[in-house]
Amino acid sequence: MPELPEVETVRDGLARHVLGRRVEAVEVRRDSAVRRQAGAVPEFAGRLTGRTLSAAVRRGKFLWLLLDEPAVDGPIGVPGEALQAHLGMSGQLLVRGTATPPVEHPHLRARLHLGPTADAGPVVLDFVDQRTFGHLTVVDLVPTADGAPGGYGSAVAAVPEPVAHIARDLLDPALDRAVLVARLRARRTDLKRALLDQTLVSGIGNIYADEALWRARLHYARPTDSLSGAGVGAVLDAARDVMTEALRAGGTSFDALYVNVNGSSGYFDRSLAVYGQEGRPCGRCGAVVVREPFMNRSSFRCPRCQRRPRRSPERRTTAHPATRRT
DNA sequence: CCCGGATCCTGCTGGC
DNA sequence: TGCCAGCAGGATCCGG
């Protein structure tokens, strides 16, 4: 499942293979692939055709390609537009030269025909997505609230409008760690739920959440407001470290659903400590890793290293109307 | 505003 | 051998 390291691997591949290319033609093979697009397929293709891809940018699991040469008579003062992609659970972006006939993948959802660069011939960029949770959209950019670059891969201080509410990720130099720690501790919820909340900190999915919790020796149901600042810092460091290591290894791959932009799978999954390791010994203490349902998903943990907290988060009672501010 | 559960979707797997 | 329930889990929507 693509999380931050996998999406970054894709972003890097796109940066090396599609920038400076003009979109010559757009094929949408399945309309729902652009379901987030106002104006549906015609607007998607219309806003994309003829544009040049100028940067590949990522924030958390969101990915976008900046579009040069804005549409004629576009609104003044708008920072620009982007082709935004989210890979969902199973999305892939595959780049292929045109020397050989394009592969008609059964889960091909959209195909962009991209023109040549000074150095290389035209290519085809395929969006393939078996489980169809991913999508593509052409969107307007909005300025970042803090004036810092919108994400990794470009100095432009703007993000796609649908990404504006997504928090910065743990590898973002502009992330305000102190604010993040304070916000996380102010939550009244389970720690893993907070780690998965993309509006709090982005890029972490089910796999790296479990790995980070194991490294920090914390239980997924640990109440966020029972953690010290140091404890929160430790689990955030663990998440940052495990994602950095996965990135170095080329991203995690499961069941061949994820491959990088050139079609080669990552191999970091061999290094996972707990995720998918039910019944196998904890690499630290030897206790048998367990799988438990949590948030309608699976959570994997070591029952000895990651003890269940004594109390669950106290349920927040509805605020009294008299104390509620508008 | 904050929280948490339901929902979307497809294909594979395992039990009977 | 065939059928079907269960499972995988991103983001978003909506009720409380």
Side-chain angles (χ1 to χ4, degrees), chain A residues 1-8 10 29-38 58-64 84-93 105-110 127-137 139 159-167 169 182-211 220-221 223-225 243 251-258 269 272 275-279 291-300 312-326:
Chain A
M1 322 307 161
E3 301 181 27
L4 187 155
E6 293 77 24
V7 179
E8 174 55 24
V10 173
R29 300 292 183 90
R30 187 180 168 120
D31 290 1
S32 64
V34 297
R35 64 189 175 281
R36 308 287 308 169
Q37 183 78 55
R58 181 194 53 74
R59 174 183 290 198
K61 306 170 198 170
F62 283 82
L63 182 64
W64 62 95
Q84 179 193 306
H86 197 291
L87 302 178
M89 290 177 62
S90 56
Q92 306 170 33
L93 289 168
H105 195 285
H107 305 303
L108 179 64
R109 307 307 186 196
F127 176 59
V128 174
D129 187 17
Q130 183 205 103
R131 295 180 193 169
T132 72
F133 276 24
H135 71 267
L136 301 177
T137 331
V139 292
V159 292
E161 193 279 331
V163 180
H165 69 292
I166 299 298
D169 61 62
R183 286 189 67 201
L184 198 149
R185 294 182 68 203
R187 289 290 174 96
R188 294 179 63 88
T189 190
D190 305 308
L191 177 56
K192 183 172 176 181
R193 189 182 291 275
L195 293 175
L196 293 174
D197 184 344
Q198 306 297 300
T199 69
L200 194 54
V201 57
S202 66
I204 304 171
N206 202 41
I207 297 169
Y208 295 113
D210 279 4
E211 293 297 304
Y220 55 79
T224 45
D225 61 352
M243 290 193 294
T252 303
S253 175
F254 295 93
D255 63 23
L257 276 179
Y258 171 76
D269 52 300
L272 294 176
Y275 186 86
Q277 307 301 311
E278 181 183 18
R291 179 174 69 89
E292 295 164 337
F294 178 72
M295 291 176 68
N296 285 323
R297 277 152 185 70
S298 289
S299 278
F300 298 87
S312 296
E314 291 167 25
R315 190 159 301 275
R316 176 190 288 269
T317 54
T318 304
H320 295 292
T323 63
R324 189 179 290 157
R325 290 170 185 267
T326 51

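Since the structure is predicted, the reported quantities are computational estimates derived from the model, not experimental observations. Below, chains carry the letters A, B, ... as their sequence lines are ordered, and counting in each starts from 1.
A:Arg30 comes within 4.0 angstrom of the backbone, heavy atoms only, and of no base. At the heavy-atom level, A:Arg36 lies under 4.0 Å from the strands shown only through sugar-phosphate atoms. Contacts of A:His135 with the nucleic acid, taken as non-hydrogen atoms under 4.0 Å apart, are absent.
Atom CE in A:Met295 sits about 8 Å away from atom P in B:dG5, given to the nearest Å. Between A:Asp169 atom CG and C:dG10 atom P the separation is 15 Å, expressed in whole Å. Look at CD on A:Glu278: it is 14 Å from C1' on C:dA8, rounded to the nearest Å. For the pair A:Leu200 CG and B:dC2 P, the computed distance is 10 Å after rounding to whole Å. Rounded to whole Å, atom P of C:dG10 lies 10 Å from atom CD of A:Glu6. Here the C1' atom of nucleotide C:dA11 and the NZ atom of A:Lys61 are 9 Å apart, to the nearest Å. Going from atom CZ of A:Phe133 over to atom P of C:dT12 covers 13 Å, rounded to whole Å. Distance CZ (A:Arg109) to C1' (B:dC8): 14 Å, rounded to an integer number of Å.
Put simply, A:Ser298 has a side-chain N or O that comes within less than 4.0 Å of OP1 or OP2 on C:dA8. Here A:His86 reaches the OP1 or OP2 of C:dA11: one of its side-chain N or O atoms lies under 4.0 Å away. At B:dT10, none of the side-chain N or O atoms of A:Gln130 fall inside 4.0 Å of OP1 or OP2 (strictly under the cut-off). Note on A:His107: a side-chain N or O is less than 4.0 Å away from OP1 or OP2 of B:dG11. Proximity of A:Arg131 to the phosphate of C:dG10: no side-chain N or O atom is located under 4.0 Å from OP1 or OP2. Look at A:Arg188 and you won't find any side-chain N or O under 4.0 angstrom from OP1 or OP2 of B:dC1.
Although no hydrogens or angles enter the test, the distance criterion places a donor-acceptor pair under 3.5 Å between the side chain of A:Ser90 and the main chain of A:Arg131. The backbone N or O of A:Gly203 sits less than 3.5 Å from a side-chain atom of A:Gln198, completing a donor-acceptor pair.
Between A:Val159 and A:Ala164, the shortest heavy-atom contact is CG2-CA, 3.9 Å.
The side chain of A:Met89 lies closest to C:dA8 when the candidates are C:dT12, B:dG4, C:dA8.
Looking at A:Arg193, its side chain has no donor and acceptor atom pair within 3.5 Å of the base of B:dG5.
Partner of A:Leu184 under the side-chain contact (heavy atoms from CB on, under 4.5 Å) criterion, out of A:Asp225, A:Leu191, A:Asp197: A:Leu191 alone.
Heavy-atom nearest nucleotides on DNA chain B were determined for A:Arg297 and for A:Pro106, and the one closer to the 5' end corresponds to A:Arg297. Nearer the 5' end of DNA chain B, as judged by each residue's closest nucleotide, is the contact made by A:Arg183, out of A:Asn296 and A:Arg183.
Between A:Phe294 and A:Tyr220, the two ring planes are tilted [angle within 30° to 60°].
Ion pair A:Asp169/A:Lys61 not flagged as a salt bridge, since none of the NZ, NE, NH1 or NH2 atoms sits closer than 4.0 Å to an Asp/Glu carboxylate oxygen.
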